[in-house]
Amino acid sequence: MIMTDIIVAGIGQTVVGEHWDASLRTLALQAIQAATQDSGGLKPQVLYVGNMLASSLSRQAHLGALLADYAGLTGIEASTVEAGGASGGAALRQGYLAVSSGLADVALVVGVEKFTDVIGPDLEAALASQTDSDYESVHGMTLTSQAALLANRYIYENQIPAGGLANFPLTAHANGVGNKFAMYRRAIGLDVYTKAEPVCEPLNIYDIAPNADGAAALVLTRRELLPNGFPHPVVRLAASTIASDTFALAERGDMLWFGAAQASILQALQKAGFTLDQVDLFEYYDLFSIFAAMSLEAAGFAGRGKGWELARDGAIALTGQLPCATLGGLKARGNPGGATGVYQAVEATAQLRGQAGQNQIEGARLALIQCLGGPASIAVTHILETML
Amino acid sequence: MIMTDIIVAGIGQTVVGEHWDASLRTLALQAIQAATQDSGGLKPQVLYVGNMLASSLSRQAHLGALLADYAGLTGIEASTVEAGGASGGAALRQGYLAVSSGLADVALVVGVEKFTDVIGPDLEAALASQTDSDYESVHGMTLTSQAALLANRYIYENQIPAGGLANFPLTAHANGVGNKFAMYRRAIGLDVYTKAEPVCEPLNIYDIAPNADGAAALVLTRRELLPNGFPHPVVRLAASTIASDTFALAERGDMLWFGAAQASILQALQKAGFTLDQVDLFEYYDLFSIFAAMSLEAAGFAGRGKGWELARDGAIALTGQLPCATLGGLKARGNPGGATGVYQAVEATAQLRGQAGQNQIEGARLALIQCLGGPASIAVTHILETML
Amino acid sequence: MEIPRHWRLNQQRYGLVGEVCPHCDTKIFPPRDICPACGQDAKTTFAFSGRGAVFSFTTIYEAPTGFDETAPYTVALVKLEEGPLVTAQLTDLGEAHPEIGMPVEMVTRRLRSDGDERGMLIYGYKFRPVLKPA
Amino acid sequence: MEIPRHWRLNQQRYGLVGEVCPHCDTKIFPPRDICPACGQDAKTTFAFSGRGAVFSFTTIYEAPTGFDETAPYTVALVKLEEGPLVTAQLTDLGEAHPEIGMPVEMVTRRLRSDGDERGMLIYGYKFRPVLKPA
Ligand SMILES: [Zn+2]
Ligand SMILES: [Zn+2]
């Protein structure tokens, strides 16, 4: 029923980091202003906010109305979309629906997370609200420990050698160097990874993306509504999908398979009429190294239990067959919580426009991006394509 | 761009009340099962959850994936929509967009709130997260006290007599008697209202709707997808709109005017091609008596400062010119938080199908429903119409 | 631990510092960098006099966490001399009963007492009746 | 105050009580009234034996509020004899180092200590290594 292409007309982002001096609304405003300007001044009729934790960490709900107001857009439609760590992707999905339906001409999607207002056990508790409060977090379970449970079993079943997942963070950190919006801009060596103390065995500090503040924004419209003289190569959203899996990790029939990640990618490829081998880059959800490995398998880029080999063999590097985390991923760009899916779309658009600087993937035309909520209880996938 | 009518194919709800024995997921499941059965077994591809406070009150975020799983729908698209007290209406809006766009054939919308897991100051703090945490709730402001500030000024400027707002709760309680899903099913007299102690001057306990647990669900589809032999009169969503106003009450240029409420209704009427005098019933957002009065004014049913006269004169009664809160409204049905907008749609659909029992509005064909977030910082309006 | 947040807001809270729009001279509180009147950039700081009048008020008995120990307390919208309305508590009322129109002035007081592990005390503006000259 | 919630979950937490599907005999934990295997109603209660084996495990050092006083602690997925996996803490490990496949059995212990105003203590299932006969 879609009669036209949905275009990512504007992109904006803040540096990901510990913004002690900036509030949630200030960060969001910066990203919105950048995206609006980048779009050539398109005027949004609807705002979707992707956010995960503000009601817990900042005692602030109802961000739709708050950010519409602070962005000088008082009056427009606004709401908040939450799907755990996939909140930003889910907000992008709503923007896509709003513009596709024809009920809005221009949609603004902003992902924002303000982690650093709270530290310590209260932050861990807020993060654990993504897991099952009656049957998981009540036992002291956290999302990090769920990833550790997965990694432990993955290593056991697939007989992964020590350090087998190291190249996920190493690649991410190498790519972060060239991204001026990244939290970490220094490459790390294997020795640094190997010497790191375990944080939540078998995960060490480099297997876990750092939580940090950030905001990113997108302006979406239909192709015929692009302003005259639109200055960028035109990038369209070729597909938008969400799929779910069991909520609790324990209820998975097959623990080591990200079923929602697989389903959302299969559906996206099918809807857009592409195959995996056409994908020029993959922004996966490397909140943990193990998530990156399992996401590669779920997508079909690697066989079961073989995702880590793509990292070991350099296939995911900027110069590899399937560049991943091309601007640092969650590990080096940082994990801005519910903003992550929007950051991924901003980064993919930059790649497809040829604006990725020293990290540019030559001739990139098709980007696959995916974010996950909980232990892949939700997966949101988008395909972006450069239009000729 | 919409080529077909969007139909409310299934409705379901739980009794609103203090469900000590039922968890959030159990309540949602009951409403979902009822709505699915009522629709003739339509299979949803997407779930939108309207919820306001679960991450604060139940330490549980990520309800989309949780409820999809517990409803036996693991795999489908799911996310949570939040817009303060208007969350349910905003979730309905997303369902409308998903089905309108053609990207989903059947959408399930569930509103759910579980208040009674927490009581006392922690509940007040969670409710206050709908206000501005940096400039309102940090001063000890609550949503109830914002309503009191409005009422105080409203009474002052418009010289409202003592008890001038009494007929809002009296009408709601009279209507609650006939609704088996309502929290309160006893009429109250003017003497009871008059004798009540002020809670937050000038509001007394009857000017404030009671917070309570509840879940309501809707199945939406396009008309051509209705099952053969669909057993109900067909009710369509004729319009769906959201508008915003300043977030903080203090920043309103005109404090006593609900601008977002006005804008969303004007837009809805215009899109659907109706005028106010065609409206057979109005489910307003009577979280506080003053909200009901100001909503009548914003909609244009009464002049500025005159909304209370419609209550005084009996116009809002079941037998009046403009029946409001026809199944008890928030005051007598109860305020199930982020589920409210979905309850309103369920009740309006029942009226338009002729299934409202002793509360049936004879010949009702057009229903206007509206829910508000914060002090009308967001307004979500839907128009429902019986199809002939 | 919410220390960074309150440190960030100290200037506004202690001194009632907002902004003035260089384009249309609108006085802005709280600061928001975009003028709500004309939509242009407005980052020039402006210190309000702290004098105003009660626009509306009420008393809170059922208070949120962090305020429950000081309930009941009176909150108000105060219309500042320079234009904006401000949300704040009324304090030092003594025997005075607040009224719409009552002249008030800003003072600095403790805003909330977090009795839990957060521990921190937050200070900021409240308003008291204007003291009559003796 | 979260007392109603924990009262509601007491049966599952103290006795590891789930459900059995009357249609396909699948054993279900936690109870969910709809069989995840066949999709039909499944409300027949079923008490699990509490015996199982460690499927995976890890140790938490950075714990959420309510658990920070007892950190570090070890959490696990336990494969019950009857089929389901259960999320729980391992306890009474003594000198034993947990391993995948290690036989464990259910015991009742304190789950979290809310040191704040909530005050309440919550008890429920944990798993300990199966004691060898003396
Ligand atoms: Zn100006
Ligand atoms: Zn079964």
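Reckoned from all heavy atoms, side chains included, excluding hydrogens, waters and symmetry mates. Just so it is clear: chains get the letters A, B, ... in the order the sequence lines come, proteins before strands, and each one is counted from 1.
- Using a 4.5 Å cut-off between heavy atoms, D:R32 contacts chain A through its side chain alone, with no backbone atom that close.
- Judged by distance alone, the side chain of D:T65 and the main-chain N or O of A:D122 form a donor-acceptor pair under 3.5 Å.
- Atom CD of D:E99 has 12 or fewer neighbouring heavy atoms from other residues, nucleotides or ligands inside a 6.0 Å radius.
- Put simply, of D:F29, D:F55, D:Y61, the one with the most heavy-atom pairs under 4.5 Å next to chain A is D:F55.
- By number of non-hydrogen pairs under 4.5 angstrom with chain D, the leading residue of A:P202, A:G253, A:A148, A:S145 is A:S145.
- Side chains of A:Y135 and D:T87 form no contact here, defined as non-hydrogen atoms less than 4.5 Å apart.
- Between A:V138 and D:F67 the shortest heavy-atom distance is O-CZ, 3.2 Å.
- Only the side chain of D:Y73 comes within less than 4.5 Å of a heavy atom in chain A; its backbone stays farther off.
- The environment of A:E309 atom CD is dense: over 12 non-hydrogen atoms of other residues, nucleotides or ligands sit within 6.0 angstrom.
- For A:R304, the CZ atom sits in a packed shell: over 12 heavy atoms of surrounding residues, nucleotides or ligands are nearer than 6.0 Å.
- For chain A, the nearby part of D:A76 is the backbone; its heavy atoms alone come within less than 4.5 Å.
- Residue A:T144 does not touch chain D at all, counting heavy-atom pairs closer than 4.5 Å.
- A pairwise comparison of heavy atoms in A:R153 and D:S56 identifies N-OG, 3.6 Å as the closest pair.
- Contact detail for D:P64 and A:G140: the closest heavy-atom pair is CD-O, 4.2 Å.
- In this structure, the side chains of A:M255 and D:L77 come closer than 4.5 Å at one or more pairs of heavy atoms.
- D:E62 is not listed as a side-chain neighbour of A:C200, based on a closest heavy-atom distance of 4.5 Å or more.
- Exactly one of A:H139, A:M141, A:Q146, A:E136 qualifies for a side chain to side chain contact (heavy atoms under 4.5 Å, CB included) with D:V75. That residue is A:M141.
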